[in-house]
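Take a look at the structure below.
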Amino acid sequence: MLLTRLIYVSDLNADVSFEAEQMLSSARKLNKSNFVTGALWFTGAQFIQVLEGGRHAVSETYHRIAKDTRHQNIELVSCNTVDERIFQDWSMGFFGDTETNRAQVLKFSVTDSLQPERMTADSLLAALRSLELSE
Ligand code: FAD
């Protein structure tokens, strides 16, 4: 089975309550049992998530996530086979909406608000790698 990395972006659905801790705790258990690793950046309004693992596991996880009503306008940014994982230590590293992380946005974006639709997959990955883990 080929190692695969998938990146997507989505918007928070403000009509449904979203508790990061609760979602992460069940997502991490599922990811661990499926050998899926990755990182999730929540800017307060948008999600940028990287999923890494076997192609079947990543695909199945993405389809489950895409059905989740806690977010909307889900757009696939990229999905490629890769030689190695970047986030191998995290069943799902979480980057929150902190001052430090907000300050990083300008480095990768044309304004000080994040516009994932104007960023390449490489730039989104670089942005995620530059952030400070929230937990
Ligand atoms: P169930 O737990 O049976 O839930 C079915 C549906 O109910 C969900 O799709 C959702 O729409 C809704 N729901 C469930 N819990 C809540 C809640 N507390 N509040 C409101 N609605 C709820 N899962 C992973 O396995 N790995 C991940 O990396 C991952 N990342 C995620 C990132 C984001 C931004 C979001 C929003 C969710 C993520 N999830 C992740 C959770 C995923 O969407 C599924 O809820 C989870 O995988 C369980 O799948 P299930 O089919 O058993 O859903």
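One-based numbering, in listed order, for ligands and for the atoms of each.
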Less than 4.0 Å between [atom] and some protein heavy atom, yes or no?
atom                    : result
atom 34 (C) of ligand 1 : yes
atom 43 (O) of ligand 1 : yes
atom 52 (O) of ligand 1 : no
atom 22 (C) of ligand 1 : yes
atom 2 (O) of ligand 1  : no

Under 3.5 Å between any N/O of [X] and any N/O of ligand 1: does that happen in this structure?
X     : value
Thr61 : no
Gln49 : yes
Thr69 : yes

Would you check if [X] and [Y] make a side-chain contact, meaning some heavy-atom pair closer than 4.5 Å?
X     : Y      : answer
Leu40 : Phe95  : no
Asn13 : Phe18  : no
Val50 : Ile86  : no
Thr61 : Leu30  : no
Met92 : Leu51  : yes
Gln46 : Pro116 : yes
Ser78 : Ile7   : yes
His71 : Ile65  : yes

If you count the atoms of ligand 1 from 1 in the order shown, which ones are under 4.0 Å from a heavy atom of [X]?
X     : result
Tyr8  : 32 (C), 33 (C), 34 (C)
Val16 : 20 (C)
Met92 : 28 (O)
Lys67 : 9 (O), 11 (O)

Which residue holds the protein heavy atom closest to [atom], what is that atom called, and what is the gap in Å?
atom                    : answer
atom 47 (O) of ligand 1 : Arg64 NH1, 2.6 Å
atom 38 (C) of ligand 1 : Met23 SD, 3.4 Å
atom 29 (C) of ligand 1 : Ile65 CD1, 3.4 Å
atom 17 (C) of ligand 1 : Arg70 NH1, 3.5 Å
atom 18 (N) of ligand 1 : Gln22 OE1, 3.1 Å
atom 10 (C) of ligand 1 : Asp68 OD1, 3.3 Å
atom 48 (C) of ligand 1 : Leu30 CD1, 3.9 Å
atom 26 (N) of ligand 1 : Asn31 OD1, 2.8 Å

Under 4.0 angstrom from ligand 1, any heavy atom of Phe94?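 Distance cut 4.0 Å: Phe94 fails for ligand 1.
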Non-hydrogen atoms of Leu51 versus ligand 1: any pair closer than 4.0 Å?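 Under 4.0 Å: yes for Leu51.
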Might you confirm whether atom CD of Glu117 has over 12 heavy atoms from other residues, nucleotides or ligands at distances under 6.0 Å?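 Correct, the count exceeds 12.
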Val16: which other cluster members, linking ILVMFWY side chains closer than 4.5 Å, directly or transitively?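 Its cluster partners, ordered by chain and number, are none at all.
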Whether Phe47 and Phe42 hold their rings parallel, tilted or perpendicular, with breakpoints at 30° and 60°: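 If you compare the ring of Phe47 with that of Phe42, the planes turn out parallel.
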Residues Arg5 and Glu52 bridged, charged N to O under 4.0 Å: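 Between Glu52 and Arg5 there is a salt bridge, with a charged N closer than 4.0 Å to a carboxylate O.
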Can you tell me if Gln104 and Ser130 form a side-chain donor-acceptor pair at under 3.5 Å?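 On atom types as modelled, these side chains qualify, holding a pair under 3.5 Å.
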